[in-house]
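As the structure lists them, so they are numbered: ligands from 1, and atoms in each ligand from 1.
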Amino acid sequence: MKEYSLKNYSIYLGNEVFDSLLEHLIESSYTQVFVLVDEQTEKYCLPILQKTLFDTKIIRIKSGEINKSLETLQTIWNELFDNQADKKSVVINLGGGVINDIGGFAASTFKRGIDYVNIPTTLLAMVDSSIGGKLGIDYQNIKNAIGLIKDPVAVYINPIFLDTLDARELRNGFAEMIKHGLIADEEYWDKILKINAIDASTLLPLIAGSIKVKVQVVKKDPHEEDLRKILNFGHTIGHAIEAYSLIHDKKPLKHGEAIAIGMICESFLAKEYQGLGGKELRIISDFILQHYPKYSLKNILSPELIKFMRQDKKNNSDQINFVSLKRIGKAITNRTFSDQQISLALNYYDAL
Ligand SMILES: NC(=O)c1ccc[n+]([C@@H]2O[C@H](COP(=O)([O-])OP(=O)(O)OC[C@H]3O[C@@H](n4cnc5c(N)ncnc54)[C@H](O)[C@@H]3O)[C@@H](O)[C@H]2O)c1
Ligand SMILES: [Zn+2]
């Protein structure tokens, strides 16, 4: 089992992590243990957790980004109240990023905050959302518009949960792994480039590399004063595309699929204006297109997407904030680009 320490908590990675979870629960003498699940994690993940944990109360919510909402948050608060949760209760988030974000938010605000533990069950949650304490819900069609940063008391990553994820879910999480290589670790990026087929067995050995990047960044800048912003690479344009798709598409893009497009567009901006090499831009674009289906931006006018970008909470006043790349493995924060430059980046992707 690997352990990564942040200031206030540790992340455990391995097939035996639930033994450590059990120890933690016993040591903490919680009055009640709540496990938050959605339909899939109740079916595929809860039985595995229940081999180690019993005597827990289950809180069920509906899966999907559309349910990362105020209504779902109320459902969780209500369940906690109805079951007489007190300050010494704990919430275990058993699920992907949606469960991490909303379960952590519910716990951190319930009676001014109770402990929560993350057990990420999607690749995306394992390498990204379960670490770093960013919590929230979507509001008025703006992603993560309401929320806070509050650390979990521990994160237990058991790769066994990858086995029931389909190819699309693996691709979803893989985008954040690509991002980690691009922003902070050229050697890791080279390993990622060697991936031909995205499946659990090829990704498993790489998970630790991503966790390392995320932990290093969050440790240095837990409250996102500067360095942590590099984790938003691809997300300024990606979030806008994700938000647009969520409203307009019958089968909306997943977070990682939108971020993958965002990374191509933002790498274009990096090449045009920040010094990233043309060859690197081609390698990044080809690699992402090899693994992610093309999404047509033709019918989306750039002003519509740019409007979403302006609403993004990453921005100050009316400037749109970007993370950019100086080269592979070296990201820079607080870049701004004009609407026209952003349109060029969207056109670059569309013409690929
Ligand atoms: N807090 C952060 O720092 C941070 C970082 C990145 C992303 N996020 C957020 O994470 C969310 C996306 O997370 P996600 O991609 O994990 O989505 P998700 O939580 O919606 O999970 C995706 C789907 O997989 C199912 N699922 C989960 N585990 C499974 C398993 N082991 N087997 C089978 N099915 C399983 C879920 O029920 C769901 O249908 C977005 O809301 C995004 O904003 C947060
Ligand atoms: Zn992301």
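- Residue contacts with ligand 1 for Asn144 involve side-chain atoms from C-beta outward but no N, CA, C or O (heavy atoms, distance under 4.0 Å).
- Note that CD1 of Ile61 and CG of Leu36 are 4.5 Å apart. Values are rounded to the nearest 0.5 Å.
- Not a single N or O atom of His239, backbone or side chain, sits closer than 3.5 Å to an N or O atom of ligand 1.
- Nearest to atom 14 (P) of ligand 1 among the protein's heavy atoms is Gly97 N, 3.5 Å.
- Side chain to side chain, Tyr139 and Ser69 fail the donor-acceptor criterion of an N or O pair below 3.5 Å.
- Counting heavy atoms closer than 4.0 Å to ligand 1, residue Val98 contributes atoms from both its backbone and its side chain.
- The nearest protein atom to atom 23 (C) of ligand 1, hydrogens excluded, is given as Glu169 OE2, 3.5 Å; this is a heavy-atom distance.
- Note on Glu176: counted as a metal contact of the Zn ion (ligand 2), an N/O/S atom lying under 2.8 Å.
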Do Asn321 and Lys229 pass the side chain to side chain donor-acceptor pair (under 3.5 Å) test, and can you show the C-alpha distance, the side-chain angles, and the key distance before you say yes or no? CA-CA 10 Å; Asn321 238 306; Lys229 290 183 190 159; 5.9 Å; no
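- No side-chain donor-acceptor contact under 3.5 Å links Thr122 and Glu169.
- Between Thr121 and ligand 1, at least one N/O pair is under 3.5 Å apart.
- Taking every non-hydrogen atom of Gly96 and a distance limit under 4.0 Å, the qualifying atoms of ligand 1 come out as 16 (O), 19 (O).
- Near Asp128, the atoms of ligand 1 lying under 4.0 angstrom from a non-hydrogen atom of the residue are 5 (C), 6 (C).
- Using the six-membered ring where Trp is involved, His239 and His255 have ring planes that are tilted, between 30° and 60° apart.
- At a heavy-atom distance under 4.0 Å, only side-chain atoms of Asp101, from C-beta outward, approach ligand 1.
- Using a 4.0 Å cut-off between heavy atoms, Thr164 contacts ligand 1 through both its backbone and its side chain.
- The nearest heavy-atom contact from the protein to atom 43 (O) of ligand 1 is Lys143 NZ, 2.9 Å.
- Heavy-atom contacts of Asp38 reach the following atoms of ligand 1: 36 (C), 37 (O) (cutoff under 4.0 Å).
- A donor-acceptor contact closer than 3.5 angstrom is absent between the side chains of Asn100 and Asn93.
- Short contacts between ligand 1 and Thr41, defined as distances under 4.0 Å to a heavy atom of the residue, involve ligand atoms 27 (C), 28 (N).
- Counting heavy atoms under 4.0 Å from ligand 1, residue Lys68 touches it through the side chain alone.
- Checked against a 3.5 angstrom limit, the closest N/O atoms of Glu176 and ligand 1 fall outside it.
- Below 3.5 Å of separation, one finds an N or O of Phe161 facing an N or O of ligand 1.
- Between Tyr9 and Gly133, the shortest heavy-atom contact is OH-N, 4.3 Å.
- For ligand 1, the polar-atom distance check against Tyr44 finds no nitrogen or oxygen pair separated by under 3.5 Å.
- Both the backbone and the side chain of Ser129 come within 4.0 Å of ligand 1, counting heavy atoms alone.
- With a 4.0 Å cut-off on non-hydrogen atoms, Lys214 touches ligand 1 through its side chain and not its backbone.
- The residue from Leu135, Leu165, Asp166 that puts a heavy atom closest to atom 35 (C) of ligand 1 is Leu165.
- A centroid separation of less than 6.0 Å is found between the aromatic rings of Phe110 and Phe81.
- Counting only heavy atoms of the protein, atom 34 (N) of ligand 1 lies nearest to Gln40 CB, 3.7 Å.
- One option in His255, Glu242, Glu65, Lys62 has a heavy atom closer to atom 40 (C) of ligand 1 than any other, and that option is Glu65.
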- Worked check of side chain to side chain donor-acceptor pair (under 3.5 Å) between Ser130 and Tyr156: CA-CA 9 Å; Ser130 66; Tyr156 300 93; over 6 Å; no
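- With no hydrogens or angles considered, no side-chain donor-acceptor pair links Gln340 and Ser338 at under 3.5 Å.
- At a 4.0 Å heavy-atom cut-off, ligand 1 touches Cys45 through the side chain alone.
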(request) Given salt bridge (Lys or Arg N to Asp or Glu O under 4.0 Å), test Lys271 with Glu280 step by step and report yes or no. (result) CA-CA 8 Å; Lys271 182 244 161 193; Glu280 279 70 29; over 6 Å; no
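- Side-chain atoms of Thr202 and Asp199 form a donor-acceptor pair, as typed in the model, at a separation below 3.5 Å.
- The ligand atoms of ligand 1 that sit less than 4.0 angstrom from a heavy atom of Ser63 are 37 (O), 39 (O).
- No hydrogens or angles considered: a donor-acceptor pair under 3.5 Å links the side chains of Tyr30 and Asp115.
- Taking the six-membered ring where tryptophan is involved, the planes of Phe337 and Tyr273 are tilted, since the angle between them lies from 30° to 60°.
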